[in-house]
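In what follows, chains are A, B, ... by sequence order, proteins preceding strands, each numbered from 1. Computed from heavy atoms alone, side chains included, the values below leave out hydrogens, waters and symmetry copies.
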Number of protein chains: 2
Amino acid sequence: MSKTVKSDERLFTIMEALKQREEAGVTELAKAVDLPKSSVHVHLSTLEKHDFVVKENGRYSLGLRFLDYGMIARNGRELYDIAKVKVDELSEKTDEQVWCITEENGKAIYLCGGSGEHAIQTDTYVGKQAELIDLAGGRAILANLPEPRRSEIIDGYEFGPESAFSDRETLIETLDTIRSDGIALNTEHYVKGVNAIGAPIIDNTGRVYGALSIAGPTHRLKGDFVENELSDLLLGTTNEIGVNLTYK
Amino acid sequence: MSKTVKSDERLFTIMEALKQREEAGVTELAKAVDLPKSSVHVHLSTLEKHDFVVKENGRYSLGLRFLDYGMIARNGRELYDIAKVKVDELSEKTDEQVWCITEENGKAIYLCGGSGEHAIQTDTYVGKQAELIDLAGGRAILANLPEPRRSEIIDGYEFGPESAFSDRETLIETLDTIRSDGIALNTEHYVKGVNAIGAPIIDNTGRVYGALSIAGPTHRLKGDFVENELSDLLLGTTNEIGVNLTYK
DNA sequence: AAAATTGTTCACTCACATCGAACGATTTAC
DNA sequence: GTAAATCGTTCGATGTGAGTGAACAATTTT
């Protein structure tokens, strides 16, 4: 790993601790990150000066300056621009939850989503980070990533009873199936009672931009309906997005 | 101003410079912020390690980690949660652009927006920061802010030919009118060809949460239609949100 | 093939981030 | 109603590590 700035690292640690609570005081944060109050205090003051945190009668919380940066980061992605309309269409047509994710530094990030009227509610939100391996869409991405890259990511995983896959071989087999099928069907559910399917978004050059997924209750997403009807709808949409990304 | 961490300040300067371009190299950024390449480089490495920037073949750009923080900051606001549905409804009903803004550190921040099919296109985006004084919604907020607070913000303004108001008195007069009217009608347009109206969102305790605004082309937003029909629609919505915020 | 950029690394040095103690201002306890 | 506890904030002493410019390697341009 290359050299980093310790002060920045501390800043990020404090930010992360603050993110995990709605709001917090200096003492509470100092305890959480195991640093002197005075240190935490100057960092918070610096953050506040630049609107990255807000102070309301002595309690700190995340500022909306992050929203500014976050939206610009998202709007800069061609994938987002092209996918958002299609995601809305697909969620309305299927009446289920539809998500568009992308890969960044080996992790999955939710770019945007849409929900039909009867769609399930989950704790997922735009901007959320997750492991590629845990999501239907993430597996679809992983399965289609070029080889030096894919192994780099997989090397970072720990297999075992905690993981969704017991060992590396099982994962590779699953990914191979997903690649040849063109779609990932989550039979082993990440969340209990929820099924999901995911398909990769790839342009004509083979570059993997991300994936789309449809999630719904197991009693609706099963059998022929998922394997044929829904899969075709999903693949049609990801295909369309892929083409638009090629000739943008 | 209280003490701050210089390293953090530098970090923010680099982030800001990066935000203003789609992507950039180390040398370009170093020139922009007037710092040695090596300094910019370690800060970027630190940012990259935490997913706040992404490096793609030597060029840096904002990472999606900001989206994570930004969405959590936004979702934590009760105003957003309650307003977003109403904003969508209102934009559909009026077929114009509708925005919900809030105030943070004396500045306006766009929380969410909706657009009718025939709505105008502007360079506004969710998360964008603007001066309260420049927006119809911002003036509606300013007009209803409690007194010690309002003056603090106004004290930060510079009046003159550059500003929308020539002097402090003119602004105060306008704000008084807005407060008694309950609505801000932008006759002097912030953007040429665009008219806007704004109304504050206030709960029963008098706390100002933000404002809603409707923007559209001058040829559609004029005369009786704006002053009666649209105004009533807007006030009805902000009223509703205010009540919901009281009994949440 | 040479020249001019690029991103990255390294070691020296003094600015400044860190820290614990002390300060007022609140809040809690009784 | 007072005392005790806890809060956020300030400050000066100290030694860590951020900043720096030069050198390096890897591109890209000429």
Side-chain angles (χ1 to χ4, degrees), chain A residues 1-63 76 104-105 146 148-149 152, chain B residues 1-63 76 104-105 146 148-149 152:
Chain A
M1 206 66 208
S2 61
K3 202 183 160 189
T4 58
V5 181
K6 279 248 169 68
S7 311
D8 294 352
E9 299 266 12
R10 291 195 163 196
L11 181 78
F12 295 154
T13 309
I14 295 167
M15 275 164 41
E16 184 62 33
L18 185 55
K19 194 183 83 163
Q20 280 161 7
R21 21 220 123 199
E22 285 277 309
E23 53 169 30
V26 179
T27 313
E28 182 185 346
L29 283 174
K31 229 170 259 169
V33 300
D34 196 35
L35 284 172
K37 280 196 296 180
S38 47
S39 283
V40 174
H41 186 261
V42 269
H43 281 289
L44 283 173
S45 297
T46 315
L47 282 164
E48 190 202 357
K49 182 183 167 192
H50 294 262
D51 298 330
F52 287 107
V53 311
V54 208
K55 183 170 55 176
E56 215 162 346
N57 38 39
R59 317 252 329 145
Y60 293 88
S61 57
L62 287 186
E104 196 163 291
N105 281 324
R149 183 105 189 78
E152 275 171 32
Chain B
M1 205 66 210
S2 61
K3 202 182 160 189
T4 58
V5 181
K6 279 249 169 66
S7 311
D8 294 352
E9 298 266 12
R10 292 195 164 197
L11 181 78
F12 295 154
T13 309
I14 294 167
M15 275 164 41
E16 184 62 32
L18 185 55
K19 193 183 85 161
Q20 280 161 7
R21 20 220 125 199
E22 284 277 308
E23 53 169 30
V26 179
T27 312
E28 182 185 346
L29 284 174
K31 228 169 260 169
V33 300
D34 196 33
L35 284 171
K37 279 195 298 180
S38 47
S39 283
V40 175
H41 186 260
V42 271
H43 281 289
L44 284 172
S45 297
T46 315
L47 282 164
E48 190 202 356
K49 182 183 168 192
H50 294 262
D51 297 329
F52 287 108
V53 309
V54 208
K55 183 170 55 176
E56 215 161 345
N57 39 38
R59 317 256 324 148
Y60 293 88
S61 57
L62 288 186
E104 196 164 292
N105 281 324
R149 182 106 189 78
E152 275 171 31

Any non-hydrogen side-chain atom of [X] less than 4.5 Å from a side-chain atom of [Y]?
X	Y	value
Arg59(B)	Glu28(B)	yes
Leu11(B)	Val5(A)	no
Glu56(B)	Glu23(B)	no
Val33(A)	Leu29(A)	no

What is the distance, to the nearest angstrom, from the [atom1] atom on [X] to the [atom2] atom on [N]?
X	N	atom1	atom2	answer
Leu44(B)	dA18(D)	CG	C1'	15 Å
Asn57(A)	dG8(D)	CG	C1'	12 Å
Arg59(B)	dT27(D)	CZ	C1'	13 Å

Dot-bracket assigned to DNA chain C with the 3.5 Å Watson-Crick/G-U criterion, [ ] for crossing and | for other-strand pairs, is |||||.|||||||||||||||||.||||||
Not counting sequence neighbours, which residues clear salt bridge (Lys or Arg N to Asp or Glu O under 4.0 Å) with Glu9(B)? List them please.
Lys49(A)
Contacts of Glu152(A) that satisfy salt bridge (Lys or Arg N to Asp or Glu O under 4.0 Å) - sequence neighbours left out:
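With sequence neighbours excluded, Glu152(A) shows a salt bridge (Lys or Arg N to Asp or Glu O under 4.0 Å) to Arg149(A), given in chain and number order.
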Set of side chain to side chain contact (heavy atoms under 4.5 Å, CB included) partners for [X], sequence neighbours left out:
X	result
Asn105(A)	Asp51(B)
Glu16(B)	Arg65(A), Tyr69(A), Lys19(B), Gln20(B)
Glu104(A)	Arg77(A), Ile109(A), Val54(B), Leu64(B)

Short side-chain to backbone donor-acceptor contact, Arg10(B) and Lys6(B), under 3.5 Å:
no
For chain B, the stretch of DNA chain C it reaches, first to last nucleotide, under 4.0 Å of its heavy atoms
dT6(C) to dT18(C)
What residue pairs, at least two apart or across chains, pass side-chain hydrogen bond (donor to acceptor under 3.5 Å, both in side chains) with a residue in residues 33-43 of chain A?
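As it turns out, the side-chain hydrogen bond (donor to acceptor under 3.5 Å, both in side chains) pairs with a partner in residues 33-43 of chain A, which skip direct neighbours, are His43(A)-Asp8(B).
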Qualifying ring-ring contact (aromatic ring centres under 6.0 Å, His included) pairs, either residue in residues 5-24 of chain A, two or more places apart:
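Sorted result for residues 5-24 of chain A: Phe12(A)-His50(B), Phe12(A)-Phe52(B).
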Residues within residues 29-42 of chain B bordering DNA chain D, heavy-atom distance below 4.0 Å:
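The stretch gives Leu35(B), Pro36(B), Ser38(B), Ser39(B) as the residues lying under 4.0 Å from the strand, ordered by number.
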Who passes ring pair (Phe, Tyr, Trp, His ring centres under 6.0 Å) against Tyr60(B), sequence neighbours left out?
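Tyr60(B) satisfies ring pair (Phe, Tyr, Trp, His ring centres under 6.0 Å) with no residue once adjacent residues are dropped.
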Within residues 5-28 of chain B: residues closer than 4.0 Å to DNA chain C (heavy atoms):
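Contacting residues: Val5(B), Lys6(B), Ser7(B), Gly25(B), Val26(B), Thr27(B).
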Less than 4.0 angstrom between a side-chain N/O of Tyr60(A) and OP1 or OP2 of dC7(D), yes or no?
no
